[in-house]
Amino acid sequence: MESSIRVRIIVAGTLAASAAAGAIIGGQPASARAEATTGHVQSSIKWGECPELAPGAKRDPRQTCGTVKVPLDYRHPKGETITVAVSRIATAKDGKKRGVLLFNPGGPGLQGLDMPGQMAQTLPRTVLDSYDLIGFDARGVGRSTPMSCGLSGSGLLTVFPYPGAGGSIKGNITNARAVAKQCATVGDKLRFFTSANTARDMDRIRQALGERKISYWGQSFGTYLGAVYTSLFPRNTDRMVLEGNVDPNKAWAKMLNTWNQGMNDRFPDAARVAAADNANLKLGGTADKVTDTFLKLADRLDRKPAAVPGTPAAISGALLRGVTYQMLQHNETVPALTQFWKAAADLAAGKAPRDADVAVLRQIFAETPAAKGVPADNQVTMALAMICGDTTWSRDVDSYADATAAARAKYPLSAGMPNNILPCAFWSKKPIEPLVKVTSHGPRNVLILQNRRDNATPWAAGRGMRKALGDRAGFVGVEHGGHFAYATGSTCADKATVAFLAKGTLPAKDLTCAGPKS
């Protein structure tokens with residue numbers, strides 16, 4: 001549920017299906033049961049140099065990379081294969097190693113190959129000594145047989161379809177239909193890039209690493225992926241951390257709907273920051289006044305986008321809301337977000353941007369260069385592949401118009417976007433199998449981390465994951481805003497996470513942690 005502005009989330013997703021897939025046994029369709037004896041399952045990884053980075057990106061020099069071949073379609077395991085890119089930082093110490101810790105940053109559609117180096121900076125020695133850190137680009141993403149619908153110029157607002165002026169969704173319908181038609185050109189292959197198949201790929205990674213079990217840390221959409229994995233492969237799951245959670249019983253349309261309340265919960269944090277700096281920003285002296293200014297500005301920009309001097313860009317109401325949604329996920333970006341509101345307000349009023357405005361506009365509109373060999377629309381393509389291909393969506397266009405209008409009236413901050421129409425309504429292919437049922441059956445080896453004021457995976461979704469996993473999971477709720485709970489200032493949450501990974505200790509009952517001290 002994140003975009004080019006700061007890529008760690010993007011949407012939520014589901015897994016649905018057609019009975020033609022056959023029964024699932026131990027994570028594999030019945031037709032694949034003989035694979036262990038007659039098919040090829042990779043049993044090692046040749047480690048070497050990692051793929052070239054995108055311009056400006058950095059990588060931990062200790063990291064090595066390799067590939068794992070997996071079936072495109074697990075119903076036909078001896079058929080066409082695709083490649084999954086895998087990375088490793090060997091941090092575990094002799095005599096202390098417990099196993100491997102696999103990471104996924106979510107999205108869906110976010111690249112995870114360099115996540116071990118990012119996480120190594122925040123993990124203490126007790127965890128690093130216990131695990132080798134493993135990253136991967138999920139199937140279809142980044143360096144893992146990257147998929148592309150050939151989309152251009154849609155990006156963020158394809159996945160976050162804010163209505164137009166007055167709440168009209170006519171433009172959204174047109175765009176959704178066009179994007180679905182474009183993705184249909186690769187639909188015969190794209191339909192196999194699902195959450196369930198990605199979880200099966202994770203087990204192939206486990207086998208290629210020579211591990212009996214894997215530990216896992218998933219963020220955002222990665223929490224759903226982890227829940228699917230441990231439901232398909234409970235005996236192969238060691239310790240699992242799920243941070244910023246998707247409700248597995250709401251994948252995907254109902255999960256998106258939770259963003260309405262999530263925005264209501266989170267927006268006041270930024271509004272208070274803006275109010276405290278009212279002498280500079282002049283957006284309002286209280287959180288309520290800032291909120292009112294924001295809503296009026298968004299409505300004004302819906303009707304007349306504000307041109308950004310010296311660029312072909314313009315700030316529309318949709319862009320204002322989309323940027324706001326993205327930047328609310330990280331506490332460190334909230335001050336810049338309030339400055340962006342100020343810049344947008346001045347441009348809408350016909351005022352020349354100040355130096356501070358120019359700086360934040362450059363940050364917002366900066367192009368994020370793609371890595372060589374990765375299609376520019378890869379993240380959007382794979383977000384849609386998962387949320388549209390995992391489960392069946394309503395094709396009743398009028399129902400989206402009604403739901404959007406109702407949500408817009410009740411939740412003006414999100415303006416009806418979470419209920420609006422997506423390309424999923426016109427998706428060309430039905431799901432290849434039913435959703436994996438996430439249940440409480442299995443060992444007690446999952447830690448759920450959830451912020452109280454998370455606009456991307458709201459509190460209710462975290463509680464939904466808690467309910468689905470039942471006694472299998474310990475729950476740590478943090479009185480904090482933003483999408484990420486670990487290493488964001490809550491000593492209590494950090495200690496609980498480290499205790500679990502290093503010693504296997506889970507809270508005996510649901511734990512409430514204070515957020516960082518202001």
### Query
If we ignore angles and hydrogens, is there a donor and acceptor under 3.5 Å between the side chains of Gln261 and Asp265?
yes
### Query
About how many Å separate CG of Leu72 and CG of Asn197, when rounded to the nearest 0.5 Å?
8.0 Å
## Note on the structure
Between Ser414 and the options Asn260, Asn455, Thr324, the side-chain hydrogen bond (donor to acceptor under 3.5 Å, both in side chains) test singles out Asn260
### Query
Looking only at heavy atoms, which two atoms of Gly482 and Asn451 are closest? And how far apart?
O-ND2, 2.9 Å
### Query
Looking at side-chain heavy atoms only, is the closest gap between Arg143 and Glu52 below 4.5 Å?
yes
### Query
Would the number of heavy atoms belonging to other residues, nucleotides or ligands and lying under 6.0 Å from NZ of Lys254 be above 12?
no
### Query
Just checking, any donor-acceptor pair under 3.5 angstrom between side chains of Tyr224 and Asn104?
no
### Query
Got a sec: does the NZ of Lys189 have more than 12 other heavy atoms crowding it under 6.0 Å?
no
### Reported CG-to-SG distance for the pair Asn378 and Cys149, which is rounded to 0.5 angstrom
10.0 Å
### Query
Around Lys437, counting heavy atoms of other residues, nucleotides and ligands shown, do more than 12 lie under 6.0 Å from its NZ?
no
### Task
Could you tell me whether the side chain of Thr333 and the main chain of Met327 form a donor-acceptor pair under 3.5 Å?
yes
### Note: Lys97-Asp132 ion pair, threshold 4.0 Å (strictly below)
yes
### Query
For Ile82 and Phe192, what are the C-alpha separation, side-chain angles and deciding distance, and is it a side chain to side chain contact (heavy atoms under 4.5 Å, CB included)?
CA-CA 11 Å; Ile82 58 175; Phe192 299 109; over 6 Å; no
### Message
Any heavy-atom pair between the side chains of Ser394 and Tyr400 that's under 4.5 Å?
### Response
yes
#### Entry: side chain to side chain contact (heavy atoms under 4.5 Å, CB included) partner of Met240, chosen from Thr230, Leu469, Leu102
Thr230
### Option passing side-chain hydrogen bond (donor to acceptor under 3.5 Å, both in side chains) with His483 (candidates Asn331, Thr488, Asp454)
Asp454
### Summary
In short, Pro71 meets Arg139 closest at the heavy-atom pair O-NH2, 2.7 Å
### Task
Look up atom CZ in Arg466 and atom OG in Ser440, then write down how far apart they are to the nearest 0.5 Å.
10.0 Å
### Query
Is there a donor-acceptor pair under 3.5 Å between the side chain of Ser144 and the backbone N or O of Gly140?
no
### Query
With distance as the sole test, does Ser87 use its side chain to make a donor-acceptor pair with the main-chain N or O of Leu113 at under 3.5 Å?
yes
### Query
Given side chains that start at C-beta, do those of Lys69 and His40 come closer than 4.5 Å, heavy atoms only?
no
### Query
Would a distance-only check, ignoring hydrogens and angles, find a side-chain to backbone donor-acceptor pair under 3.5 Å from Gln450 to Phe475?
no
### Query
Are the side chains of Asp247 and Met465 in touch, meaning some heavy atoms are under 4.5 Å apart?
no
### Query
Looking at residues at least two apart in the chain, or sitting in another chain, which of them share a salt bridge (charged side-chain N to carboxylate O under 4.0 Å, His left out) with Arg472?
none
### Message
What's the separation between atom CG in Leu190 and atom OG in Ser148, rounded to the nearest 0.5 Å?
### Response
10.0 Å
### Query
Within 45° of the six-membered ring axis of Tyr325 and under 6.0 Å from that ring's centre, is NZ or CZ of Arg266 located there?
no
#### Entry: Expected output: side-chain Ser130 to main-chain Thr126 donor-acceptor under 3.5 Å
yes
### Query
Short question: side chain of Asn245, backbone of Ala461 - any donor-acceptor pair under 3.5 Å?
no
### Task
Could you please spell out the steps behind the side chain to side chain contact (heavy atoms under 4.5 Å, CB included) verdict for Tyr216 and Met202?
CA-CA 10 Å; Tyr216 174 83; Met202 288 167 53; 3.5 Å; yes
## Note on the structure
Between Val141 and Met382 the two heavy atoms that sit nearest each other are CG2-CG, 3.7 Å
### Task
Would you indicate whether the side-chain heavy atoms of His480 and Ser490 approach each other to under 4.5 Å?
no
### Message
Show, in sequence, the C-alpha distance, side-chain angles and deciding distance for Phe484 and His330, and conclude whether the side chain to side chain contact (heavy atoms under 4.5 Å, CB included) test is met.
### Response
CA-CA 8 Å; Phe484 303 96; His330 306 270; 3.2 Å; yes
### Message
Let me confirm one number: the CZ-CE distance from Arg453 to Met263, rounded to the nearest 0.5 Å.
### Response
14.0 Å
### Query
Can we say Arg452 and Glu479 salt-bridge, meaning some charged N sits less than 4.0 Å from an Asp/Glu carboxylate O?
yes
### Query
Closest heavy-atom contact between Asn445 and Thr237?
ND2-O, 3.1 Å
### Query
What's the shortest heavy-atom distance between Asp201 and Tyr74, and which atoms?
OD1-OH, 2.7 Å
### Task
Supply the atom-to-atom distance Ser428 OG to Asp188 CG, rounded to the nearest 0.5 angstrom.
7.5 Å
### Query
Are side-chain heavy atoms of Trp217 and Leu123 found at a separation under 4.5 Å?
yes
#### Entry: Main-chain N/O of Gly107 paired to Gln379 side chain as donor or acceptor, under 3.5 Å
no
### Query
Taking it one step at a time, do Asp203 and Arg200 satisfy salt bridge (Lys or Arg N to Asp or Glu O under 4.0 Å)?
CA-CA 5 Å; Asp203 206 58; Arg200 295 178 183 117; over 6 Å; no
### Query
Does some side-chain heavy atom of Leu449 sit less than 4.5 Å from a side-chain heavy atom of Val478?
no
### Task
Return yes if some donor-acceptor pair links the side-chain N/O of Arg239 with the main-chain N/O of Ser215 below 3.5 Å, else return no.
no
### Summary
The single option from Asn419, Asn420, Leu422 that satisfies side chain to side chain contact (heavy atoms under 4.5 Å, CB included) with Leu256 is Leu422
### Query
Which is it for Val374 and Gln111 under the side chain to side chain contact (heavy atoms under 4.5 Å, CB included) test, yes or no, and what are the steps along the way?
CA-CA 10 Å; Val374 179; Gln111 298 177 39; 3.9 Å; yes
### Summary
Closest non-hydrogen atoms of Tyr162 and Asn172, given as atom of the first, atom of the second and distance, are O-ND2, 3.2 Å
### Task
Taking the side chain as every heavy atom from C-beta outward, state whether Val86 and Trp47 have any pair of such atoms under 4.5 Å apart.
yes
### Task
Taking Asp377 for its side chain and Gly150 for its backbone only, find out whether a donor-acceptor pair lies under 3.5 Å.
yes
### Task
Just grab all the disulfide bond (SG atoms under 2.5 Å apart) pairs involving residues 417-473, residues at least two apart or on different chains.
Cys388-Cys424
### Salt-bridge contact Arg206-Asp238 (side-chain N to carboxylate O under 4.0 Å)
no
